[in-house]
Structures are given as C-alpha cells and as structure tokens.
Amino acid sequence: MAGKTLYDKLWDSHVVRDNGDGTALIYIDRHLVHEVTSPQAFEGLRLAGRTPWRVDANLATPDHNVPTTDRSHGIADPVSRLQVETLDRNCAEFGITEFTMNDPRQGIVHVIGPEQGATLPGMTVVCGDSHTSTHGAFGALAFGIGTSEVEHVLATQCLVLKKSQAMLVKVNGQAAPGVTAKDIVLAIIGEIGTAGGTGYAIEFGGEAIRALSMEGRMTVCNMAIEAGARAGMVAVDDTTIDYVRGRPWAPRGEMFERAEATWRDLHSDADARFDRVVEIDAGDLRPQVTWGTSPEMVVPVDARVPDPAEEADAVKREGMQRALAYMDLKPGTPITDIAVDKVFIGSCTNSRIEDLRAAAAVAQQAIDAGRKVADNVRLAMVVPGSGLVKQQAEAEGLDAVFRAAGFEWREPGCSMCLAMNADRLEPGERCASTSNRNFEGRQGQGGRTHLVSPAMAAAAAIHGHFVDITER
Amino acid sequence: MEKFTTLDAIVAPMDRPNVDTDAIIPKQFLKSIKRTGFGPNLFDEWRYLDHGEPGQDCSTRPLNPDFVLNQPRYQGAQILLARENFGCGSSREHAPWALLDYGFRVIIAPSFADIFYNNCFKNGILPIVLDAEIVDQLFREVEASEGYRLKVDLEAQTITRPDGTVIPFEVDEFRKHRLLNGLDDIGLTLQHADEIRAYEERRKQEAPWLFSAGASGE
Ligand code: SF4
C-alpha cells in the first residue's frame with residue numbers, strides 16, 4: 001500500500017464519521033471569524049435557537065471594513081460601522097473571543113491566527129474567507145467556507161466534506177535574490193492557471209519551498225485559492241516548530257513537546273501518491289508582474305505585455321483582449337515601461353514583518369541614493385497586517401524609513417486589497433499591489449491592479465514604473 | 001432551503017471565462033448584514049452605467065444597454081449559461097444569494113470554482129457541469145433563437161433542449177438528495193451529535209493542546 005500524503009494524514013485524523021455517500025463529517029479545530037461573512041450565520045443560529053458547539057474554538061476580529069487612518073472617532077461609513085458593531089455584538093452575545101478594532105492584536109484574520117498561535121500544525125482551520133488557505137503553511141488543513149458553512153461550524157464544530165484530490169507542486173532549486181515567495185506563487189499560477197488546482201488540495205514542496213520562512217510559506221499557501229485550490233499546505237519542519245514555539249495560544253512546556261512529537265509526522269510519506277504533480281525550477285524565475293485581470297495573466301518583469309493575436313484558443317483570446325482593454329495596455333509594451341499611480345503594500349498575502357522589511361530595504365536604498373517616491377505616484381501606502389506587526393515594524397524603525405521615503409504608514413486591516421473601507425483606486429488609476437487579486441474593480445471601480453512582491457511594489461513607488469529589482 | 005426538482009426556463013448567456021465573485025456582487029454590497037435583497041445589484045458594475053452603492057433605488061439607475069441581462073429577450077431568465085471557472089475568487093455566499101435573488105436557479109458551465117459550486121447547493125441553486133463543447137453548442141443555440149428555453153430535471157439528471165434532445169449531467173448523490181428535499185444541513189449533522197462528542201473525547205486524549213483555552217495559553 002502506498003504511503004499517505006500530508007493531506008491524507010490531516011483528513012484521516014479529523015473524520016468524525018464516514019457518511020457512506022462519498023462525504024465525511026470532518027471535525028474543525030479552529031474557526032476564524034470576521035465581520036463580512038458572519039452576520040447572516042449568527043442570525044441563522046439565533047433564528048434556529050441554536051448556540052455555538054464549542055465557543056473556545058473560535059477567534060474573531062474585524063478586518064475588511066476597518067479604517068486604516070485615525071480610529072479614535074470610529075468608522076465614518078455607517079454601513080461599515082454597522083457590520084463591525086454587529087460582529088462585536090454577536091461575539092459578546094455568544095462569548096466568542098474577539099480582538100476588537102482598537103485592540104493592539106487586531107488585524108487581518110489570516111495574519112493574526114498564526115501570529116497568536118491560534119493556527120497550529122495538524123489542525124483543521126476554517127474561516128468564511130477564501131484566503132484561509134494561508135494557514136496551510138503550518139501543515140494544517142485550512143480552507144475557506146461560505147456563510148452557510150460558517151453557521152454549520154458554529155452549530156456543530158464540523159463540516160460535511162468530500163475529499164479533494166491531492167496535487168504536489170514541487171519547486172526545485174534555489175530562487176535568485178529578489179525572487180520572493182510571491183514571485184514563486186505567481187509563477188505557479190501562471191503555469192497551471194486559475195482553475196489548475198480546482199478540485200485539488202495542493203501541497204507545496206521542494207527545495208525552494210523548504211528554504212522559505214513561515215512568512216514566505218504563508219504567502220505561497222495564501223494564493224493556492226488563486227490557483228483554484230481550496231487548500232494549500234506545506235509540511236512541518238524546524239522552521240514551522242520554531243515559529244510556533246512561544247506564541248500566546250500555542251501549548252507550552254511539556255505539552256509543547258508532546259505536540260511537537262506528533263507535528264513532526266506532518267509530511268507526505270516518501271512513497272505517497274499524488275493525483276497530479278507539477279514541477280517548476282525556482283532558478284529559472286524572475287520577479288513576476290501581472291498584466292491582466294486574472295492572476296494567471298502574469299509575466300516576468302523583463303518580459304512584454306503578451307499579444308492576444310498569438311493565442312490560439314478563441315475564448316482565451318477574447319479574455320485577453322478584454323483584459324488589455326480594461327487595463328489600457330498595448331501588446332508588446334515592456335512591463336518596465338508601465339507607470340503606476342498608486343502603490344499598495346499590504347493584504348493577507350504580503351503584510352507580515354518580513355514583507356515590510358523587504359519593502360523598507362528598497363525604501364532605505366532610495367533614501368541613501370537621495371530619492372523618494374516618484375512624483376507621478378499619487379499615493380504609496382503601507383498597511384501592516386496586524387497591530388502587532390505594526391508595533392514590531394515601529395520598534396525596528398521601518399515606519400520612519402517608509403515615511404522618510406514618502407510612503408504613508410497606516411493602521412492594520414484589509415484596506416485597498418478589496419477597497420471595502422475608504423482606501424480605493426479611482427476609475428482608471430493603476431496600482432502596483434502586493435495583494436492577491438487583480439479582478440476588474442477589485443481595488444475600486446475602474447481601478448487597474450498589477451500584482452507584485454513587496455520589494456517590487458516599493459521599487460515601483462520609487463521609480464514611478466515597474467523595474468527589475470534583480471538588475472540593480 | 002428551497003428545494004429544487006425541475007425547471008423549465010429562459011436561458012441567458014454570460015459569454016466570458018473566469019467570471020469572479022467580485023463581478024457577480026461587488027464588495028460594497030457585502031456590507032449588508034442580511035441574506036436577501038442582493039438581486040438588483042447582481043453584476044452591478046457591468047449592468048449599470050453609474051457606480052452603485054448599497055441602499056440605492058436601482059430602478060432609477062441608468063442601465064448599460066450592452067450588458068446581456070439588460071436585453072429584453074433575456075428578461076425572466078432563470079438559467080445562466082456560463083464559461084469556464086465561473087464563480088472564482090472569494091468565498092462570499094453573497095454571490096449565490098444575488099443570483100438566487102435575481103431569479104437564477106440553474107447555472108450551466110464547463111467548470112466552476114470549488115467554493116462557489118459548494119455555496120450554490122447550500123442555497124437551492126443547481127450548478128451543472130457540462131463538456132466545453134456542449135456548452136459551446138448551447139451558446140450558439142441561445143444566441144440564435146430568441147426565447148430559448150431548457151428543461152432541467154434534477155431527479156432524472158437531464159437537460160432537455162427545445163428540439164427534444166436530452167443532455168444528461170452528473171451530480172454528487174449526497175448533493176442531489178439534499179437539494180431535491182431542501183434539507184437543513186445543520187439538522188442532519190446534529191443527528192450525529194453523539195459521534196461528534198465521542199470524537200472530541202478521543203482527541204482530548206490524543207491531542208489535548210487542541211482543547212486548551214485559547215488566549216490564556218494554558
Ligand atoms: S487582505 Fe484581502 S484577500 Fe486577505 S482577507 Fe482581507 S480582503 Fe481578503
């Protein structure tokens with residue numbers, strides 16, 4: 001018999017019952033809650049006269065609607081305010097731990113889970129948000145759910161699931177300096193497409209993934225959903241264990257050692273079989289920049305905007321034409337000729353301390369060379385992923401570097417990743433963004449998004465257009 | 001949940017791949033704390049010429065005459081014909097809520113994004129996966145004949161064309177059962193409450209750290 005994949009191990013240890021119809025009842029260890037996808041679930045619970053099955057498995061925080069500017073006067077938009085207040089009220093009523101807007105631990109739900117040790121190896125982690133795949137970086141089974149399932153988890157601590165197929169994405173070799181986790185995952189999406197992972201749980205492995213920090217692994221797993229996979233994951237190793245140790249919600253002392261012993265087994269067996277294996281070589285990769293309105297529309301920074309005329313598939317060709325029209329780009333334009341109006345460094349993909357350090361290093365270089373954010377860039381903003389990331393960055397003096405170089409330094413939240421708060425692109429504005437989606441209107445109606453790594457975004461801010469950071 | 005058995009309805013074509021949930025229901029409408037009322041804002045950025053905000057009276061807004069759902073021939077459509085990877089993007093259930101509120105009960109496409117596909121079944125919408133070639137044919141037929149209708153029968157797992165030819169489709173048995181009967185998932189799961197408790201007892205022995213009280217870190 002073939003060995004087990006990491007996904008098999010996580011699945012098997014959470015089966016409450018096999019329903020005998022191709023589905024299983026799967027136990028959920030951690031449920032993260034935010035204000036956008038939970039109100040209707042709490043309402044449903046109340047209407048049915050139900051209570052949460054296990055209150056201590058939940059952790060809530062508002063992130064999508066919170067302002068990133070001064071919060072002392074609360075939220076100006078009454079609709080946003082009501083949604084955040086509704087979360088506060090629901091958590092208070094049901095006794096769920098919530099890091100409220102002014103708590104220093106508040107932040108993007110996918111940043112605070114790992115930061116608190118609320119995400120642990122071997123767990124099943126769910127949240128009413130597709131980027132829950134982020135938490136798979138810990139050797140956890142983590143995936144996004146809809147509001148009906150949020151209610152289901154609240155009421156039963158379980159979900160009815162059908163097992164996915166298993167895919168291994170192996171990233172061999174070593175990435176060149178300047179080629180980051182973000183570039184690796186964008187290149188993977190470019191390779192397999194946004195539907196390439198549909199129906200699969202993806203395990204990311206190989207030398208280049210092993211070499212990544214936890215922050216980098218979270219960036220990769222975060223965008224598993226952009227590759228179509230509900231869950232992405234990375235095997236546990238020393239990097240994982242070292243990150244988890246000492247976190248507020250993590251086990252301590254002898255209990256930690258007991259846990260560690262079981263976590264060490266969270267990897268695919270050598271003889272495990274995958275339904276699909278994709279290999280890419282990190283050594284071949286350049287920094288990536290998206291040019292279109294889907295994350296798969298991506299090219300290396302030293303390439304040109306592709307020509308739809310060279311695409312054989314008619315549906316794809318039309319998609320490309322539509323994307324180029326929306327993005328106001330001409331085929332053949334060198335990526336480095338594209339000028340940007342705004343720069344956004346943040347989101348659950350790239351707002352952790354390491355991301356901010358990478359961007360700040362570029363800002364510092366600029367300052368040393370007597371440069372600042374370019375004149376044609378109207379706004380370059382840095383939005384830390386959580387209050388604790390913000391504190392850490394300030395302790396390291398990164399905020400001062402950003403400010404001195406002409407960037408704005410903001411309060412934590414989702415911000416311009418999806419523009420549900422006041423941070424957004426105006427129609428026609430072009431943005432270098434470290435977020436994960438470049439769909440039409442994602443960052444504001446008519447706004448044009450180019451997805452890049454934090455260092456690439458910072459460099460675009462300084463130069464006013466994309467530059468190849470590996471060149472300099 | 002409303003059950004789904006059969007449907008005989010007008011088909012509207014949405015001829016572009018990778019239609020994402022941000023397009024289906026733009027984020028400003030996610031601020032609602034209700035489950036209903038999203039229909040007028042379905043495909044808001046494509047459907048109207050102005051910028052939509054929650055709480056507006058949509059009946060007075062300028063319509064985009066080029067947008068497919070605004071064409072008179074597709075009024076009353078309850079079946080949406082779509083291209084690959086429909087519903088990609090976020091997990092927002094507001095997307096199926098908006099489609100349902102507008103009146104769609106069936107979506108036909110060569111492929112769907114996983115979370116969206118799953119969310120449809122939880123809301124009484126039947127997403128049907130067909131071969132890309134058949135979907136292509138249907139697009140041609142819909143565009144060629146005004147008032148084009150399809151008959152969908154979930155029990156029999158068939159789609160019947162106006163000329164009487166039948167297209168069979170696949171659907172998971174458990175999903176079919178729930179949709180046909182409009183069953184409450186939570187109620188079904190709670191029938192196994194004892195098994196959930198037994199699982200928890202076992203896990204507390206095996207992995208007690210999963211049950212320690214969160215923030216205290218004890
Ligand atoms: S940062 Fe963006 S992608 Fe991440 S949870 Fe917030 S809105 Fe979603």
Side-chain angles (χ1 to χ4, degrees), chain A residues 16-17 19 21-23 25 27 29 36-37 39-40 48 56 59 65 79-80 82-83 86 97 118 120 122-123 128-130 144-148 151-152 155-158 160 162 194-195 198-199 228 230 248-252 255 259 262 294 315 319 322 418-420 437 439-442 445, chain B residues 15-18 20 22-23 26-28 30-35 45 51 54-55 83-85 88-94 96 111-115 118-119 122-123 172-174 177 184-186 188-190 192-193 195-196 198-200 203 206-215 217-218:
Chain A
V16 171
R17 78 186 299 271
N19 290 329
D21 59 359
T23 68
L25 198 59
Y27 191 80
D29 297 314
V36 180
T37 52
Q40 296 86 351
D56 71 338
L59 171 61
N65 281 280
V79 195
S80 286
L82 176 64
Q83 204 167 49
T86 304
T97 303
L120 293 173
M123 274 184 166
D129 190 282
S130 59
I145 56 179
T147 299
S148 298
E151 187 181 338
H152 197 281
T156 71
Q157 209 54 44
C158 291
V160 178
K162 190 181 155 189
T194 47
T198 304
R230 247 177 126 169
W249 288 36
R252 282 159 202 275
M255 188 67 95
T262 70
S294 161
V315 175
R322 202 181 333 243
L418 97 165
M420 258 182 96
R437 286 187 177 141
F439 300 152
E440 285 184 19
R442 170 76 178 185
Q445 196 182 23
Chain B
D15 195 3
R16 44 166 106 192
N18 299 314
D20 57 78
D22 285 70
K27 64 236 155 201
Q28 60 270 35
L30 272 51
K31 293 180 185 180
S32 166
I33 54 172
K34 299 202 170 64
R35 245 174 220 272
E45 288 185 8
H51 176 75
R83 294 288 186 184
E84 69 206 37
N85 204 24
C88 62
S90 81
S91 66
R92 63 186 72 156
E93 207 156 308
H94 312 69
S111 60
F112 292 91
D114 279 344
I115 302 180
N118 199 38
N119 282 342
K122 310 262 177 211
N123 291 284
D172 285 318
E173 203 49 47
F174 72 97
H177 178 69
D184 164 24
D185 282 357
I186 295 176
L188 288 178
T189 296
L190 286 174
H192 306 296
E195 284 164 271
I196 302 173
Y199 173 89
E200 285 180 326
R203 285 294 272 179
E206 284 170 12
W209 58 88
L210 294 174
F211 295 85
S212 54
E218 301 313 320

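Scope of the values below: all heavy atoms of this structure, side chains included, with no hydrogens, waters or symmetry mates. Below, chains carry the letters A, B, ... as their sequence lines are ordered, and counting in each starts from 1. This is a predicted model, so every value here is computed, not measured.
How far CD of A:Glu440 is from CG of B:Asn18: 11.5 Å, rounded to the nearest 0.5 Å. In this structure, CZ in A:Arg17 is found 4.5 Å from CD in B:Glu195, a value given to the nearest 0.5 Å. Expressed to the nearest 0.5 Å, how far CD of B:Glu93 lies from CD1 of A:Ile145 amounts to 9.5 Å. Atom CG in B:Leu30 sits 7.5 Å away from atom CD in A:Gln83 (nearest 0.5 Å). B:Asp22 contributes atom CG, which lies 7.0 Å from atom CZ of A:Arg437 (distance to the nearest 0.5 angstrom). Residue B:His94 holds its NE2 atom at 4.5 Å from CD of A:Gln40, rounded to the nearest 0.5 Å.
With chain B as partner, the option from A:Gly228, A:Gly199, A:Gly319 having the largest number of non-hydrogen pairs under 4.5 angstrom is A:Gly199. Highest contact tally toward chain A, considering only B:Arg203, B:Arg83, B:His177, is held by B:Arg203 [criterion: heavy-atom pairs under 4.5 Å]. Your options are B:Glu84, B:Lys34, B:Gln28, and the one with the most heavy-atom pairs under 4.5 Å with chain A is B:Lys34. Chosen from A:Asn65, A:Leu120, A:Val79, A:Thr262, the residue pairing most often with chain B at heavy-atom distances under 4.5 Å is A:Val79. For the options B:Ala193, B:Ala207, B:Ser91, heavy-atom pairs under 4.5 Å to chain A are most numerous at B:Ser91. Residue with the most contacts toward chain A among B:Ala113, B:Ser32, B:Ala23, B:Gly55: B:Ser32 (heavy-atom pairs, distance under 4.5 Å). Contact tally against chain A (heavy-atom pairs below 4.5 Å) for B:Glu200, B:Glu206, B:Arg92: the top residue is B:Glu200. Looking only at heavy-atom pairs under 4.5 Å with chain B, the residue among A:Arg442, A:Glu151, A:Gln157 that has the most is A:Arg442. Heavy-atom pairs under 4.5 Å with chain B peak, among A:Thr23, A:Thr147, A:Asp129, at A:Thr147.
Taking all atoms of both residues into account, the shortest heavy-atom contact from A:Ala155 to B:Ile186 is CB-CG2, 3.7 Å. The two residues A:Val16 and B:Tyr199 have their closest heavy-atom pair at CG2-CG, 3.8 Å. Scanning all heavy atoms of the two residues, the minimum distance from B:Gly89 to A:Phe439 falls at CA-CE1, 3.8 Å.
No side-chain heavy atom of A:Thr194 sits under 4.5 Å from any side-chain heavy atom of B:Cys88. Annotation: side chain of B:Ser111 is not in contact with side chain of A:Thr198 (no heavy-atom distance under 4.5 Å). Proximity of B:Asn118 to A:Arg230: side-chain heavy atoms (C-beta onward) are separated by under 4.5 Å at one or more points.
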**OP:** Carefully, step by step, assess B:Ile115 and A:Ser130 under the rule side-chain contact (heavy atoms from CB on, under 4.5 Å).
**Re:** CA-CA 8 Å; B:Ile115 302 180; A:Ser130 59; 4.0 Å; yes
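Between B:Asp172 and A:Lys162 a salt bridge is recorded (basic side-chain N to carboxylate O distance below 4.0 Å).
The side-chain contact (heavy atoms from CB on, under 4.5 Å) test applied to A:Thr86 returns A:Pro39, A:Leu82, A:Arg89, A:Asn90, B:Ile33, not counting sequence neighbours.
With a threshold of 4.5 angstrom between heavy atoms, A:Ala419 approaches chain B through its backbone and through its side chain. At a 4.5 Å heavy-atom cutoff, the contact between B:His51 and chain A is made by backbone and side-chain atoms alike. For chain A, no part of B:Glu173 is nearby; none of its heavy atoms comes within less than 4.5 Å. Using a 4.5 Å cut-off between heavy atoms, A:Ala118 does not touch chain B at all.
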